[in-house]
Each structure stands twice: as C-alpha cells, then as structure tokens.
Q: 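One structure is given below, represented as structure tokens, and several questions about it will come after.
Excluded from the calculations below are hydrogen atoms, water molecules and symmetry mates; all remaining heavy atoms, backbone and side chain alike, are included.
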Amino acid sequence: MTTDDPSTVRPSVSLEGSLTGLLTRAARLTAVRVEEILKADGLSLDQWLVVEALVTEGALTMAEIAARTMITGPTLTRVVDRLVTTAAVYREVDLADRRRVRVHLAPRGRSAHRRLAPKVEMAERQLLDRVGDAAATVTGLRALADPGE
C-alpha cells in the first residue's frame, strides 16, 4: 500500500534501478556503438545528430537544430563550425529574414549520411533486438523524448 508521501511511493513495476539510470545506460551504450561507426569518417555523435536533422528536415536555423538535437548553444556552434570546415554543411543568410542564418547540408554531408546511415541503423537494430517489442519501445521512447509532455 502506498501513500501520498513520496518517500513511500513504490513503482508498480520493478525497474531494478531507476528509470533515469536505465535510460542513461541505454543511451550511453547506444552512443558508444554509433560513435565507433562514425569514428572511421571522422564524425562525432553530435555532428551526426546535426547531419541527421538536416537530412530529415532540410535547412534549419541554429535554434531549430538545437531543439531537435538537444545540443546546447556553445557546443552546437563548435559542431556546426567543424562541419562547415569539413564542407559537410554550409551556412546561408535566410532570404526571408536576413537576421537569421540557416544551416544547409552540403553534398559531402549527404554523401557521408548515405554511406553511414545503413551502418548506424544496423547497430540500432541490433540494440533494439535485445528488447522484446522493438516497435513499442521506439514508440515509448518517442513519447518520452517529446518535450511537449
């Protein structure tokens, strides 16, 4: 029996660890696997997340990239600077609002994505295969990752 006292509330399902701990370990394991794949092309996980966002949604502002990748401002600036240096992306002033700058995926970035995406997907599939119902897991993770609550 539980009460409203948070110190006595017990989850209805045993997690064998906190949800935060489990999700953190799963995220870090996934990151390590994906980083191993990206390392051969000289990409970091944050760079990959930016490239993925641009492949999925087209040109984005820095604020839009930050919202989609959860990469913080100063780090995102360094990540995009590095992608510009390697000609994977380029910046362009937004014609509709000259105060805004959009980041575009360059042909080199698109090529890297085409080459690496199948390998990343395979690593993700292998991790999801460890879960009983992969589709339900992905759906649940999408719901958890949605900041809209």
Q: By side-chain contact (heavy atoms from CB on, under 4.5 Å), which residues pair with Arg108, not counting sequence neighbours?
A: Ala87
Q: Could you tell me whether the side chain of Pro74 reaches within less than 4.5 Å of the side chain of Thr72, counting heavy atoms only?
A: yes
Q: Evaluate Leu83 against Leu43 for side chain to side chain contact (heavy atoms under 4.5 Å, CB included), listing each step before the verdict.
A: CA-CA 9 Å; Leu83 289 168; Leu43 288 175; 4.0 Å; yes
Q: Is Asp81 salt-bridged to Arg91, cutoff N-O under 4.0 Å?
A: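 Salt bridge flag = yes for Arg91 with Asp81.
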Q: Could you tell me whether the side chain of Thr75 and the main chain of Ile71 form a donor-acceptor pair under 3.5 Å?
A: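 Not at all, since once roles are kept as given, no pair shorter than 3.5 Å links the two residues.
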Q: To the nearest 0.5 Å, how far apart are CE in Met70 and CG in Asp46?
A: 12.0 Å
Q: Considering all heavy atoms of both residues, which atom of Tyr90 and which atom of Ala106 are nearest to each other, and what is their separation?
A: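 Of all heavy-atom pairs spanning Tyr90 and Ala106, the closest is CD2-CB, 4.0 Å.
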Q: List for me each residue that meets salt bridge (Lys or Arg N to Asp or Glu O under 4.0 Å) alongside Arg102, sequence neighbours excluded, and say none if there are none.
A: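 Only Glu64, Asp94 meet the salt bridge (Lys or Arg N to Asp or Glu O under 4.0 Å) criterion with Arg102.
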Q: For Thr56 and Ala53, indicate whether the former's side chain and the latter's backbone hold a donor-acceptor pair under 3.5 Å.
A: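 Checking the backbone N and O of Ala53 against the side chain of Thr56, no donor-acceptor pair under 3.5 Å is found.
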Q: Is it the case that one hydrophobic cluster holds both Trp48 and Leu128, taking links as side-chain heavy atoms less than 4.5 Å apart, direct or via other members?
A: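 No, Trp48 does not connect to Leu128 through the hydrophobic network.
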Q: Under a 4.5 Å cut-off applied to non-hydrogen side-chain atoms, are Arg100 and Val93 in contact?
A: no
Q: Looking only at heavy atoms, what is the nearest atom pair of Ile37 and Ala123, with distance?
A: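 The pair with the smallest heavy-atom distance is CD1-CB, 3.6 Å.
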Q: Just so I know, are the side chains of Leu29 and Arg25 near enough to count as touching, which here means a heavy-atom distance under 4.5 Å?
A: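 Heavy-atom side-chain distance check fails, nothing below 4.5 Å.
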Q: Where the side chain of Thr77 meets the backbone of Gly73, is there a donor-acceptor pair that is under 3.5 Å apart?
A: yes
Q: Nearest heavy-atom pair of Leu60 and Leu54: which atoms, and what distance?
A: N-CD2, 3.9 Å
Q: When you measure from the side chain of Glu52 to the backbone of Leu49, do you find a donor-acceptor pair of N or O atoms at a distance under 3.5 Å?
A: no
Q: Start with the C-alpha gap between Leu23 and Leu144, add the side-chain angles, then the distance that decides, and say whether side chain to side chain contact (heavy atoms under 4.5 Å, CB included) holds.
A: CA-CA 10 Å; Leu23 288 173; Leu144 283 174; 4.1 Å; yes
Q: Can you tell me how far apart CZ (Arg142) and OG1 (Thr139) are? Round to the nearest 0.5 Å.
A: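 It comes to 6.5 Å.
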Q: Looking at Val50, Val103, Val101, which hits side chain to side chain contact (heavy atoms under 4.5 Å, CB included) with Met62?
A: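 Considering Val50, Val103, Val101, a side chain to side chain contact (heavy atoms under 4.5 Å, CB included) with Met62 is found only for Val103.
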Q: For residues Met122 and Val34: do they belong to one hydrophobic cluster (side chain heavy atoms under 4.5 Å, members Ile, Leu, Val, Met, Phe, Trp, Tyr)?
A: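 No; tracing contacts between hydrophobic side chains, which count when under 4.5 Å, never links both residues.
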Q: Show, in sequence, the C-alpha distance, side-chain angles and deciding distance for Leu116 and Val51, and conclude whether the side chain to side chain contact (heavy atoms under 4.5 Å, CB included) test is met.
A: CA-CA 11 Å; Leu116 294 169; Val51 168; over 6 Å; no
Q: Going by side-chain hydrogen bond (donor to acceptor under 3.5 Å, both in side chains), name the residues that satisfy it together with Arg110, two or more places apart in sequence or in a different chain.
A: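 side-chain hydrogen bond (donor to acceptor under 3.5 Å, both in side chains) check on Arg110 returns nothing, list empty.
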Q: Please determine which of Arg115, Arg114, Lys119 meets the salt bridge (Lys or Arg N to Asp or Glu O under 4.0 Å) test together with Asp41.
A: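 Single salt bridge (Lys or Arg N to Asp or Glu O under 4.0 Å) partner of Asp41 among Arg115, Arg114, Lys119: Arg115.
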Q: Between Val55 and Leu38, is there a shared hydrophobic cluster once you connect ILVMFWY residues whose side-chain heavy atoms come closer than 4.5 Å?
A: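 Cluster IDs for Val55 and Leu38 match.
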Q: Please report the closest heavy-atom contact between Leu45 and Ala31, naming both atoms and the distance.
A: CD2-CB, 3.5 Å
Q: Could you check whether any side-chain N or O of Asp97 sits under 3.5 Å from a backbone N or O of Arg99, counting only pairs where one atom can act as donor and the other as acceptor?
A: yes
Q: Run the side chain to side chain contact (heavy atoms under 4.5 Å, CB included) check on Val89 and His104 step by step: do they pass?
A: CA-CA 5 Å; Val89 305; His104 298 262; over 6 Å; no
